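Below: one structure, written as structure tokens.
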Amino acid sequence: MAVSVRDVAAAAGVSVGTVSNVMNQPDKVAAATVERVQAVIAELGFVRNDAARQLRAGRSRSIGLIVPDAGNPFFADVARGAEARADDDTLAVLLGNSDESPSREDNYLDLFREQRVNGVLITPASDDIEKLVRVQAAGIPVVLVDREVPGSTFCSVSVDDVEGGFLAAQHLLQIGRRRLAFVGGPGAIAQVAHRLEGARRAVDEVPGATLEVISMPALTVLHGRAAGEEIAARAVAHRPDAVFAANDLLAVGLLQALTMFRTLRVPEDIALVGYDDIDFATATVVPLTSVRQPAQLIGRTAVELLLRSISDPGGDYERRVRFRPELVVRESTAG
Ligand code: RIB
């Protein structure tokens with residue numbers, strides 16, 4: 001039999017209202033009483049029934065976050081930043097992994113609506129934002145994370161991926177490489193398309209430089225390995241002398257294939273740049289040059305925007321925050 005708030009009140013010798021105040025507004029209760037009630041809560045193992053509180057308050061104490069790949073450390077860091085900011089307002093972050101699947105994304109959007117979350121942070125798996133318009137129309141604010149959708153009214157937090165792609169390719173050109181390859185994922189992923197666009201702009205500025213595009217089914221280490229195997233199997237005249245990977249997971253896989261299974265050297269034979277600057281980028285056998293995204297700051301800022309949109313809907317603040325990428329140079333492009 002679950003312990004009720006009445007059991008706690010009886011055991012502590014106070015009213016049910018006092019127990020509620022201890023849980024929700026402890027500053028209104030004498031310190032000794034707070035201490036006694038909290039001791040009884042711990043002793044009886046009471047866990048409050050949030051459903052009743054949600055119904056009264058109209059909202060749960062949570063925020064929904066939907067990411068396309070929970071296995072990617074970049075999104076784990078975004079979630080960490082979001083949790084840190086949410087915790088300042090005693091809110092929890094409920095994480096959903098869409099795996100780039102619009103149907104999985106729909107299921108999480110439905111679940112978060114049922115859970116009456118305060119808002120939804122999402123890196124959309126597709127450009128179909130009509131469903132997000134419907135969520136917002138249902139009274140649940142939406143903030144786009146790592147994406148922005150021109151013409152939409154959503155708050156968004158992103159990084160200028162065109163500039164990031166330009167920085168990556170420009171750096172490879174500046175160290176003298178001319179046969180570049182871009183190893184990316186499905187062009188439907190906007191971040192990938194923008195990084196490629198930036199790389200193309202840099203290559204177009206250098207006469208004689210070329211850019212080959214190698215598209216993989218997904219942005220994972222294994223697909224990076226497969227791309228690296230294919231490149232390493234080529235005759236030297238047909239191999240790129242530099243690779244820009246659309247994210248660090250692809251770059252880690254490429255590095256494994258190029259160095260561990262083959263006799264190629266990075267950067268001597270093939271220079272390599274990744275994107276995100278996840279923690280692993282510094283721990284690889286050849287530390288990775290990468291375009292850094294402030295992942296935790298992106299998460300924190302997304303929650304901050306969400307809370308502002310709730311507390312100050314018509315307020316005068318920037319609703320589309322776009323951070324600038326930063327090139328972090330390491331051994332994979334040294335010299
Ligand atoms: O989701 C694919 C990539 O886009 C991630 O690695 C991260 O770079 C995001 O911006």
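Below, all heavy atoms of this structure are taken into account, side chains as well, without hydrogens, waters or symmetry copies. If you read the sequence from its start, that first residue is 1, and numbering goes on from there. Ligands are counted one by one from 1 in listed order, and the atoms in each one are counted from 1 as well. All figures in this text were calculated on a predicted structure; none of them were measured in a lab.
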Nonpolar side-chain network containing L132, other nodes, edges under 4.5 Å: I66, L94, Y108, L109, L111, F112, V117, V120, I122, I129, V133, V135, I140, V142, L144, V149, F154
Tell me which donor-acceptor pairs under 3.5 Å the side chains of residues 31-38 have, and how far apart each pair is, sequence neighbours excluded?
residue : atom : partner : partner atom : Å
R36     : NE   : A12     : O            : 2.9
R36     : NH2  : A12     : O            : 3.4

E304 CD to Y317 OH distance, which is reported to the nearest 0.5 Å: 10.0 Å
Electrostatic pair R330-D277, nearest N-O below 4.0 angstrom: yes
Basic-acidic side-chain contact under 4.0 Å: R147, D127: yes
N/O donor to acceptor pairs below 3.5 angstrom from side-chain atoms of residues 179-189, sequence neighbours left out:
residue : atom : partner : partner atom : Å
R179    : NE   : R239    : O            : 2.9
R179    : NH2  : R239    : O            : 2.8

Which atom pairs, nitrogen or oxygen on both sides, join ligand 1 and the protein at under 3.5 angstrom?
residue  : atom   : partner : partner atom : Å
ligand 1 : 6 (O)  : N72     : ND2          : 2.8
ligand 1 : 6 (O)  : N247    : ND2          : 3.0
ligand 1 : 6 (O)  : D276    : OD2          : 2.7
ligand 1 : 8 (O)  : R195    : NH1          : 3.0
ligand 1 : 8 (O)  : R195    : NH2          : 3.1
ligand 1 : 8 (O)  : D276    : OD1          : 2.4
ligand 1 : 8 (O)  : D276    : OD2          : 3.0
ligand 1 : 8 (O)  : Q293    : NE2          : 3.2
ligand 1 : 10 (O) : D146    : OD1          : 3.2
ligand 1 : 10 (O) : D146    : OD2          : 2.5
ligand 1 : 10 (O) : R195    : NH2          : 2.6
ligand 1 : 10 (O) : Q293    : NE2          : 3.1

